Amino acid sequence: MMDVRIRSKLWIEVDGLPVFGRGRRLLLEAIDKYGSLNRAAKEINISYRKAWGYIKAMEERLGIKLVERQVGGRYGGGATLTKEALEFITKYEALEKGIRELVDDRFKKIFGI
């Protein structure tokens, strides 16, 4: 018997511009895990510059600060997620889960699989 599943993608846009989706969620989660934007970027295989651009765009379009940055130097820098970022991720994950459940139910109902 075949294992047939439905897949969908979810992202948030502001004024037609992408703000948040799976990739940007993974970036924020990696920042939270490693405490470093540079390390997080390497972990998800994007350049530091691209990661920085994503952070800047998300913060501007959402109107909230997501990452607290500490400039490097003798003792190194770092990055941590703000309380607002952690709350946003939690809400996004709940939305994603709900959408998956709806899509799975509709798929089963329509295709009988």
Side-chain angles (χ1 to χ4, degrees):
M1 184 170 167
M2 291 189 304
D3 181 23
V4 180
R5 297 173 191 219
I6 186 77
R7 296 283 182 237
S8 62
K9 282 188 172 186
L10 173 70
W11 65 91
I12 298 170
E13 293 181 351
V14 172
D15 295 329
L17 298 170
V19 173
F20 201 78
R22 183 177 182 273
R24 294 175 194 208
R25 186 194 75 202
L26 292 174
L27 173 61
L28 291 182
E29 289 172 345
I31 291 169
D32 194 39
K33 181 176 181 180
Y34 298 110
S36 162
L37 182 58
N38 190 37
R39 174 98 189 266
K42 287 178 183 171
E43 196 65 28
I44 65 165
N45 295 315
I46 63 172
S47 70
Y48 175 84
R49 183 179 177 158
K50 189 172 202 168
W52 176 243
Y54 283 165
I55 298 296
K56 217 172 131 186
M58 285 187 289
E59 289 181 340
E60 286 173 8
R61 294 174 192 160
L62 291 171
I64 58 174
K65 189 158 184 69
L66 299 170
V67 179
E68 291 290 344
R69 298 168 279 281
Q70 186 173 1
V71 178
R74 185 172 179 183
Y75 301 104
T80 56
L81 297 186
T82 64
K83 182 179 152 221
E84 291 82 7
L86 295 170
E87 288 173 0
F88 190 85
I89 291 168
T90 299
K91 289 176 182 177
Y92 181 83
E93 288 172 342
L95 175 65
E96 207 173 33
K97 182 178 185 278
I99 295 293
R100 259 194 323 270
E101 289 168 355
L102 288 170
V103 170
D104 287 348
D105 289 348
R106 180 61 57 100
F107 179 72
K108 287 174 189 170
K109 184 185 259 183
I110 292 172
F111 287 92
I113 297 174

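From a predicted model like this one, the values you see are computed outputs, not experimental measurements. All heavy atoms count here, side chains included; hydrogens, waters and symmetry mates do not.
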Determine whether more than 12 heavy atoms belonging to other residues, nucleotides or ligands lie under 6.0 Å from atom NZ of K42. no

Taking Y54 as the starting point, is it possible to reach I64 by hopping between hydrophobic residues whose side chains are less than 4.5 Å apart? yes

What distance do R100 atom CZ and L10 atom CG have between them, rounded to the nearest 0.5 Å? 9.5 Å

Carefully, step by step, assess V67 and I31 under the rule side chain to side chain contact (heavy atoms under 4.5 Å, CB included). CA-CA 8 Å; V67 179; I31 291 169; 4.2 Å; yes

Taking all non-hydrogen atoms of both residues, which atom of I44 and which atom of G23 are closest, and how far apart? CD1-O, 4.1 Å

Check the pair E29, K33 against salt bridge (charged side-chain N to carboxylate O under 4.0 Å, His left out), reporting the backbone distance first and the verdict last. CA-CA 6 Å; E29 289 172 345; K33 181 176 181 180; over 6 Å; no

Is there a chain of hydrophobic side chains (I, L, V, M, F, W, Y, each step under 4.5 Å between heavy atoms) that links V19 to L26? yes

Heavy-atom pair with the smallest gap, counting every atom of G21 and Y92: CA-OH, 3.4 Å

Contact summary for S47 and K50, nearest pair of heavy atoms: OG-N, 2.9 Å

Using every non-hydrogen atom in the two residues, find where L66 and A85 come nearest and quote the distance to one decimal. O-CB, 3.2 Å

Cluster link W52 to Y34, ILVMFWY, side chain under 4.5 Å: no

Spacing of N38 atom CG and E43 atom CD [to the nearest 0.5 Å]: 11.5 Å

Could you go through E59 and R69, starting from their C-alpha distance and side-chain angles, then the distance that decides it, and tell me whether this counts as salt bridge (charged side-chain N to carboxylate O under 4.0 Å, His left out)? CA-CA 13 Å; E59 289 181 340; R69 298 168 279 281; 3.4 Å; yes

Residue that, paired with F88, satisfies side-chain contact (heavy atoms from CB on, under 4.5 Å) out of L81, L28, T82, I12: I12

Give the minimum heavy-atom separation between I55 and L27, together with the two atoms involved. CD1-CD2, 3.9 Å

Trace of the salt bridge (charged side-chain N to carboxylate O under 4.0 Å, His left out) decision for D104 with R106: CA-CA 6 Å; D104 287 348; R106 180 61 57 100; over 6 Å; no

Grouping I, L, V, M, F, W and Y whenever their side-chain heavy atoms are under 4.5 Å apart, do I110 and I99 come out in a common cluster? yes

In Å, rounded to the nearest 0.5 Å, how long is the span from CD of E93 to NZ of K91? 13.0 Å

V4 side chain near F107 side chain, heavy-atom distance below 4.5 Å: yes

Under a 3.5 Å distance rule, please check whether R61 uses its side chain to pair with a backbone N or O of P18 as donor and acceptor. yes

Does L95 share a hydrophobic cluster with F20, counting links as ILVMFWY side-chain heavy atoms below 4.5 Å and allowing steps through other members? yes

Begin with the C-alpha distance, continue with both residues' side-chain angles, and end with the deciding distance and a verdict on side chain to side chain contact (heavy atoms under 4.5 Å, CB included) for M58 and R24. CA-CA 9 Å; M58 285 187 289; R24 294 175 194 208; 3.7 Å; yes

